[in-house]
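Worksheet: the structure to be examined is printed underneath.
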There are 2 protein chains.
Amino acid sequence: MTHTQPSSGTIKIAEYLLARLQQLGIRSIFGVPGDYNLRLLDFVEPAGLHWIGNCNELNAAYAADAYARVNGLSALITTYGVGELSAINGIAGAFTEKAGIIHIVGTPARDLQLARKKVHHTLADGDYRHFATMASHVTIAQANLMDPSTVPEQIDWTLQQAMIYSQPVYIELPDDMVDVTISASRLSTPISVPERLACPDEPLQEVLERIYKAQQPLILVDGECGSMRILDEVDELAKITGWPTWTTVFGKGLVNEELLNVYGHYNGSLGSKAWQAYFDSADLIIALGPHYTDTNTYNFTTIPRDEVSILLSKAMVQIGSRRYRDIPDGFLFRLLRRLDKDRVPKVQAPPRSTATENRNMIDHDTALVQKTFYSYVNRAFRPGDLILTETGTAAHGGRQFKLPPQSRLFGPATWLSIGYMLPATLGAAVAKRELSENANARAILFIGDGSLQMSVQEISTIIKEKLNVIIFIINNGGYTIERAIHGRKQSYNDIASWRHQHTIAFFGGTEEQSANSFSARTYAELDRILEDDRIQKGSGLRVVEVFMGQEDVEGALLKLMEDQISAEQP
Amino acid sequence: MTHTQPSSGTIKIAEYLLARLQQLGIRSIFGVPGDYNLRLLDFVEPAGLHWIGNCNELNAAYAADAYARVNGLSALITTYGVGELSAINGIAGAFTEKAGIIHIVGTPARDLQLARKKVHHTLADGDYRHFATMASHVTIAQANLMDPSTVPEQIDWTLQQAMIYSQPVYIELPDDMVDVTISASRLSTPISVPERLACPDEPLQEVLERIYKAQQPLILVDGECGSMRILDEVDELAKITGWPTWTTVFGKGLVNEELLNVYGHYNGSLGSKAWQAYFDSADLIIALGPHYTDTNTYNFTTIPRDEVSILLSKAMVQIGSRRYRDIPDGFLFRLLRRLDKDRVPKVQAPPRSTATENRNMIDHDTALVQKTFYSYVNRAFRPGDLILTETGTAAHGGRQFKLPPQSRLFGPATWLSIGYMLPATLGAAVAKRELSENANARAILFIGDGSLQMSVQEISTIIKEKLNVIIFIINNGGYTIERAIHGRKQSYNDIASWRHQHTIAFFGGTEEQSANSFSARTYAELDRILEDDRIQKGSGLRVVEVFMGQEDVEGALLKLMEDQISAEQP
């Protein structure tokens with residue numbers, strides 16, 4: 001059966017799988033070739049999908065994660081054992097922060113598996129199930145495509161899980177199954193998310209009542225709004241109510257910051273006292289897409305009290321301490337349709353932040369510092385830009401950005417795997433390019449020198465893909481975020497010093513591209529760079545190295561650093 | 001109890017653990033700082049151990065693997081979740097090919113774990129056991145240090161498992177346990193490998209009889225001899241018997257190649273017909289440290305028949321199809337003591353190989369090719385060198401090396417994770433430097449341009465550690481080993497082209513060091529490089545880029561490539 005041409009109504013397994021990915025809006029696939037996936041890769045470009053060969057599998061997983069966050073879903077192809085395990089940390093991050101990666105692993109042919117042959121990329125113990133068991137901890141669904149008769153249903157079910165939950169799924173495709181013929185009949189029916197039963201009236205009514213009688217309400221936009229795909233409704237709720245709206249760390253960038261009632265991100269006791277007072281005495285906090293982990297809630301200090309909370313999560317609404325489960329995805333949409341605008345109370349809002357430094361107040365000949373760098377560079381952003389801030393001082397600084405319309409911020413929430421954000425820049429930029437009519441859209445990455453070393457080679461793929469990317473490398477001589485937490489002066493927080501000005505040239509940029517390398521130590525130098533045509537109007541990769549102090553930290557990190565310094569006093 | 005100074009007879013947990021590592025001969029620790037391991041790292045340098053901060057955790061695991069293969073055991077410190085999962089592919093490789101890595105993971109404080117707090121680096125589901133469960137698939141023993149009263153025994157037991165089996169172990173150290181005080185009493189008793197009961201006489205006698213009556217015997221040295229720590233006995237057996245001795249792929253370099261009866265590595269039908277005839281009609285094959293996986297046995301074709309085999313494995317001797325289990329480690333040692341040299345038959349040995357190209361026969365102005373490059377460059381090796389050949393054409397070429405005395409070859413056996421060999425060069429070179437009185441000892445790496453991209457940043461650590469390393473980068477425009485297997489002309493086997501001449505400068509070498517960059521396209525150019533004083537007598541890192549054809553393959557790979565080309569014919 002295997003090597004015949006598919007008759008009408010039949011199709012090869014690889015073609016079926018790739019056709020399904022196409023239907024789900026996936027246009028590019030990330031991964032690395034390996035000898036158990038080569039036959040599958042033969043089908044990728046013929047299926048009209050773009051193959052992005054990454055430098056290694058962890059980077060590929062990171063890129064696929066970010067692609068999914070922009071595009072909805074993504075696909076990753078690795079090889080059995082060595083490839084998939086290299087990627088598994090990236091898969092775990094996508095599981096935690098809800099990015100729907102379809103991870104396809106090319107596995108040894110069925111004959112080898114069933115005979116328990118000791119082939120390469122196994123643990124040489126004849127057991128072929130180790131890696132699938134490991135993957136089951138960090139994926140929402142798994143399928144092993146061993147029987148052609150069940151393959152279409154297995155594929156469809158697995159992909160559907162990724163669609164429903166926006167979390168990674170795991171598909172094993174044995175090498176000898178790639179070109180086995182199966183029925184194509186299911187292909188004509190698109191995979192869809194199953195409908196939940198109609199929304200019960202009770203929670204809807206209860207939320208409306210709470211809205212109408214609120215006296216000091218606020219809206220808190222959290223990170224899971226992204227994977228819940230309710231961003232339009234979030235904007236609409238903020239706009240219709242006019243209520244003070246903040247985001248969490250993870251929610252930053254998921255609501256239109258041009259709205260006058262959108263205040264930015266809420267940082268509890270570290271921020272405005274007036275905001276904190278408003279929060280603490282609020283009688284209604286509508287938390288959208290809540291994700292209450294330590295790093296997203298200033299160590300659990302900014303979680304609203306249950307008594308005043310309404311939580312809108314995936315398939316659940318919680319009002320006070322009462323939970324309504326199995327709520328349809330359209331809950332917020334329906335709520336907005338039912339909302340009587342005239343009955344929405346007007347509120348006495350707290351003052352907006354005045355913390356942002358005026359750029360004219362900075363002495364331009366002084367050294368760049370964390371406190372003012374981010375608001376200073378903010379003017380380089382344009383509508384539609386993707387802004388990415390890596391775990392570390394960059395992410396903390398990026399919380400202060402004022403984002404232009406249609407832009408999107410990527411910051412770490414919970415998984416916080418350093419090294420993520422550079423390959424994520426690749427993945428997000430590829431997705432943005434595919435979705436956007438604005439060919440001018442850019443991705444702008446802020447990353448520390450320590451994080452950069454984790455996954456630096458993916459710069460090569462950014463160059464190869466001709467993406468519009470600007471990388472600000474914060475050169476502060478090591479892991480400054482760790483210094484803030486512990487070991488301020490310890491050498492284990494140092495790193496080797498690299499020549500970042502050689503980056504583009506080393507990773508294969510042309511001589512002309514290599515000229516897009518900049519470096520600044522002062523605001524005056526930064527000014528000249530930001531005004532340079534190659535930054536303003538240029539394309540391709542540009543690298544800007546900015547120097548800052550080894551112990552220069554701000555915000556929550558400053559507090560940690562200060563605590564550490566006082567603990568050091570005798 | 002926690003923050004008091006240890007009284008006499010007590011010690012902090014971190015100090016206990018690190019003192020044990022010291023006792024086991026570990027001098028350097030690999031890893032990456034993360035906020036759940038920083039407090040542990042405070043103790044590393046004070047304990048007299050050298051901290052090698054790697055660029056990322058996978059590279060750190062690879063380096064620790066190679067350090068263990070040279071040193072016996074190694075240690076790796078990562079942080080919970082993100083760090084340990086990044087490393088897990090390297091741990092799996094060490095599990096498969098038997099390298100004793102002690103993997104210590106800094107985990108969240110017990111209070112957080114027991115309260116199931118949703119902290120960063122977790123899956124945000126309150127379950128702290130996912131990663132330990134995943135690790136249990138690829139480690140031989142696990143310990144979670146949650147109770148000070150059991151900690152000394154847990155640590156000792158876990159380390160003992162690594163000593164016995166030369167496979168990775170996994171130790172979780174919660175952040176709040178680092179400086180908890182425990183009894184130091186066990187420390188005065190070194191951890192030792194438990195004795196097995198005396199060797200039964202029967203297998204010993206049977207092996208001796210088989211040796212005495214052999215007519216066409218041979219010795220096959222395989223890769224597990226390294227982790228079995230019987231290399232001196234292997235050399236002695238080869239020397240005393242004078243019998244024809246070959247190695248497998250994995251065993252290459254584990255027996256003294258200066259002995260006249262050591263033929264090199266056995267490659268079955270791809271090699272000498274006379275050798276194959278001798279093998280096929282042998283009446284006794286003593287296989288030492290057998291590891292019969294596809295890639296180590298030319299796809300299972302070079303595995304000796306049971307009827308003529310004696311297998312000496314860890315704790316097992318197999319004679320024909322009869323297995324004797326629980327055999328003491330000293331079996332081969334005792335066998336040698338009992339062996340009556342006068343009764344060892346002299347044999348009619350097959351001719352030695354004549355395949356090695358005479359370097360004078362090569363036209364020096366021709367381009368470098370896989371067929372002759374390796375034997376040509378062989379003359380650059382010196383006694384004591386570590387030679388490392390990465391998966392791909394380099395590993396296949398390296399099988400032909402004639403190794404000088406006291407040298408050691410690293411080649412891929414079964415796990416074959418590309419990207420391994422560069423960080424392995426770091427780890428092996430660090431171990432060699434610590435063990436060796438020969439400060440001049442070098443590590444020489446042969447690696448393809450595709451593999452290099454996987455883990456390239458670890459070059460920076462090689463520079464920082466001032467190791468004597470020569471890297472030959474085989475620039476052949478992509479994954480040539482994959483082209484041989486499948487997809488000869490497919491673009492998914494291409495990679496971005498880098499400027500390897502910038503390598504040392506980019507990764508932070510001084511201007512003087514950066515001058516140690518070379519490149520050759522012809523044998524004449526290669527000659528000039530090999531004769532250059534910087535290669536002959538220099539120190540630090542030197543990078544030699546050698547260009548070869550995209551489809552230029554030899555040996556087993558050539559056969560695969562030829563099969564593919566014939567399959568392409570209509």
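Residue numbering restarts at 1 for every chain, and letters A, B, ... go by the order of the sequence lines. Everything numeric here is computed off the predicted structure, so don't read it as measured data.
Taking E458(A), M134(A), H502(A) one by one and counting their heavy-atom pairs under 4.5 Å with chain B, the maximum is reached by M134(A). The greatest number of non-hydrogen atom pairs below 4.5 Å with chain A, out of G53(B), S460(B), A124(B), G487(B), is found for S460(B). Heavy-atom pairs under 4.5 Å with chain A were tallied for Q453(B), H486(B), K118(B); the largest tally goes to H486(B). The most heavy-atom pairs under 4.5 Å with chain A, out of T122(B), N493(B), T133(B), come from T122(B). Considering only heavy-atom pairs separated by less than 4.5 Å from chain A, the leading option among W51(B), F300(B), Y292(B), F95(B) is F300(B). Chosen from I418(A), N299(A), L416(A), the residue pairing most often with chain B at heavy-atom distances under 4.5 Å is L416(A). The choice from N56(B), T414(B), T96(B), L38(B) that makes the most heavy-atom pairs within less than 4.5 Å of chain A is L38(B). Options A496(A), G81(A), G83(A), P33(A) differ in how many heavy-atom pairs under 4.5 Å they form with chain B, and the most are formed by P33(A). With respect to chain B, the highest number of heavy-atom pairs below 4.5 Å among I88(A), V456(A), T503(A) belongs to T503(A). In terms of heavy-atom pairs under 4.5 Å with chain A, the best-connected choice from T293(B), T295(B), L123(B) is L123(B). Between chain B and the options I481(A), V119(A), I463(A), I91(A), heavy-atom pairs under 4.5 Å are most frequent for V119(A). Annotation: maximal heavy-atom pairing with chain B below 4.5 Å, among Q490(A), K464(A), R39(A), occurs at R39(A).
Contact of Y492(B) with chain A is made through backbone and side chain together, with heavy-atom distances under 4.5 Å. Neither the backbone nor the side chain of T297(B) comes within contact range of chain A, judged by heavy atoms closer than 4.5 Å. Contacts between N54(A) and chain B at a heavy-atom distance below 4.5 Å involve the backbone alone (N, CA, C, O). Of the atoms belonging to F507(B), heavy atoms from both backbone and side chain fall under 4.5 Å from chain A. No part of V44(B) comes within reach of chain A, as not one of its non-hydrogen atoms sits under 4.5 angstrom from that chain. Looking at L58(B), only its side chain comes within 4.5 Å of chain A, counting heavy atoms on both sides. For chain A, the nearby part of S497(B) is the backbone; its heavy atoms alone come within less than 4.5 Å.
The two atoms that bring A87(A) and A61(A) nearest to each other are O-CB, 3.7 Å, heavy atoms only. Between G106(A) and N37(A) the shortest heavy-atom distance is CA-CB, 4.1 Å. Closest of all the heavy-atom pairs between N59(B) and P423(B) is O-CB, 3.3 Å. Listed here is the closest heavy atom pair of E224(B) and K98(B): OE1-NZ, 2.8 Å. Taking every heavy atom of both residues into account, R483(B) and R488(B) meet most closely at CD-O, 3.4 Å.
Among I77(B), T78(B), L85(B), the one residue that satisfies the side-chain contact (heavy atoms from CB on, under 4.5 Å) test with E57(B) is T78(B). Checked against Y62(B) for a ring-ring contact (aromatic ring centres under 6.0 Å, His included), the options F30(B), W415(B), Y420(B) give a single hit: Y420(B).
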Please walk me through it: do K489(B) and D494(B) pass salt bridge (Lys or Arg N to Asp or Glu O under 4.0 Å)? CA-CA 9 Å; K489(B) 300 279 186 196; D494(B) 298 343; over 6 Å; no
Run the ring-ring contact (aromatic ring centres under 6.0 Å, His included) test on Y80(A) and H120(A) for me, step by step, so that the C-alpha distance in whole Å, both residues' side-chain angles and the decisive distance to 0.1 Å come before the verdict. CA-CA 9 Å; Y80(A) 187 71; H120(A) 59 291; 9.6 Å; no
Take W498(A) and N475(A), measure what side-chain contact (heavy atoms from CB on, under 4.5 Å) needs, and give me the verdict at the end. CA-CA 9 Å; W498(A) 290 4; N475(A) 185 335; over 6 Å; no
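Counting heavy atoms from C-beta on, the side chains of H130(B) and D125(B) come closer than 4.5 Å.
We find the CD1-NE2 distance between I473(A) and H500(A) to be 4.5 Å, quoted to the nearest 0.5 Å.
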